[in-house]
Structures are given as C-alpha cells and as structure tokens.
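Let me begin by presenting the structure, written as structure tokens, before commenting on it.
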Amino acid sequence: MTTVPIGRVGPTRPQGERGAASVLALSVVAVVLVLTMGGLVVASVVVASHRARVAADLGSLAAASAMQDGADAAQACAVAHQVVRANGAATQSCSSMGADVELRVTVRARLWPAPATARARAGPQR
C-alpha cells in the first residue's frame, strides 16, 4: 500500500527528472536555429549564383550588341563591364573571338566565403 502525503494528489515526480523538459525544449530550439542558419547560408549561395548568371548573360549580350553596332573588342568589354557592375557583380575576364564575346563574372555571397562565378558567351547567330 502506498501512502500519499496530505495535500498531494496523484503520483509524485522523482527528484532526478526535475527540469528535464526545459533541457529538451532548449535542445529543440537549438536544432531549429542551426537548421535555419543552414538554410539561410544555402539561400545566400543560391541567390549569389543566380545574380552572377544574370550579370554574365546581360553583360555578354550587351557586349555582343555593341560589337554588332561597330564597337571594337575593348569598347565592347567596357560596355559589358558597366552592365555587370550595374547588376552587382564584378568582371573577372572579358575576351572576344571574332564577333563572339566571352565574359566571366563573380558575385560575393553574403554568408559564404567563396564568391559565386558565372560564364556567358554571346555573339551573332550561326
């Protein structure tokens, strides 16, 4: 037969389990925070990659258009550099082979140490 102290109804909790729910709750919050930070890092890298691709595409198209309008390779690369910079990227290299322009750009990811790079080529239809 079990005796229940006066004023207490139901089973009593052993002293060793006191605060266990708090530790579990803090652990769940920590895991959620780590997963959220990981997701933010991945999203930062994806956004930088997309920005680099867009800047490279637009820059190479602008340079190819300038070459079709009669600009030389240096002028076309200057136009590409302006378009790339306006799109928040940095020109890594610009070269032309005939009427084709090849452009490499980089965009710094906010939460990742390595920049995202992209390459694009544009020229007249063959």
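Hydrogens, waters and symmetry mates are skipped; everything else that's a heavy atom, side chains included, is used. Please read these numbers as outputs of a predicted model, since none were measured by experiment.
In terms of heavy atoms, A66 sits closest to A76 at CB-CA, 4.3 Å. Here the shortest heavy-atom pairing between V101 and A63 reads CG1-CB, 3.6 Å. Across all their heavy atoms, A56 and A120 have their closest contact at O-CB, 3.4 Å. Across P115 and T106, no two heavy atoms sit closer than the pair CB-CB, 4.3 Å. Taking all atoms of both residues into account, the shortest heavy-atom contact from A52 to A116 is CB-O, 4.0 Å. Contact record, S95 with C77: N-SG, 4.2 Å, taken as the closest heavy-atom pair.
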Which pairs of donor and acceptor atoms, one on a side chain in residues 20-44, lie under 3.5 Å apart (sequence neighbours left out)?
| from | atom 1 | to | atom 2 | distance (Å) |
| --- | --- | --- | --- | --- |
| S27 | OG | V23 | O | 2.9 |
| T36 | OG1 | V32 | O | 2.8 |
| S44 | OG | R110 | N | 3.2 |
| S44 | OG | L111 | N | 3.1 |

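Between atom CZ of residue R53 and atom NE2 of residue H50 there is a gap of 5.0 Å, rounded to the nearest 0.5 Å. Remark: C94 SG to H81 NE2 distance equals 10.5 Å, nearest 0.5 Å.
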**Item:** Stepwise side-chain contact (heavy atoms from CB on, under 4.5 Å) test for R121 and D100
**Value:** CA-CA 7 Å; R121 189 171 56 103; D100 290 346; 3.4 Å; yes
**Prompt:** Are L103 and V84 close enough, and set up right, to give a side-chain contact (heavy atoms from CB on, under 4.5 Å), and what steps lead you there?
**Reply:** CA-CA 10 Å; L103 188 65; V84 167; 3.6 Å; yes
**Asked** Under the side-chain contact (heavy atoms from CB on, under 4.5 Å) criterion, do R51 and N87 qualify, and how do the steps go?
**Response** CA-CA 8 Å; R51 286 179 56 210; N87 282 284; over 6 Å; no
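Under a 3.5 Å cut-off, the side chain of Q75 and the backbone N or O of D72 do form a donor-acceptor pair.
There is a path of hydrophobic side-chain contacts, each under 4.5 Å, that joins V83 to V54.
Using a 4.5 Å cut-off on side-chain heavy atoms (C-beta onward), Q92 and V105 make no contact. Using a 4.5 Å cut-off on side-chain heavy atoms (C-beta onward), Q68 and P124 make contact.
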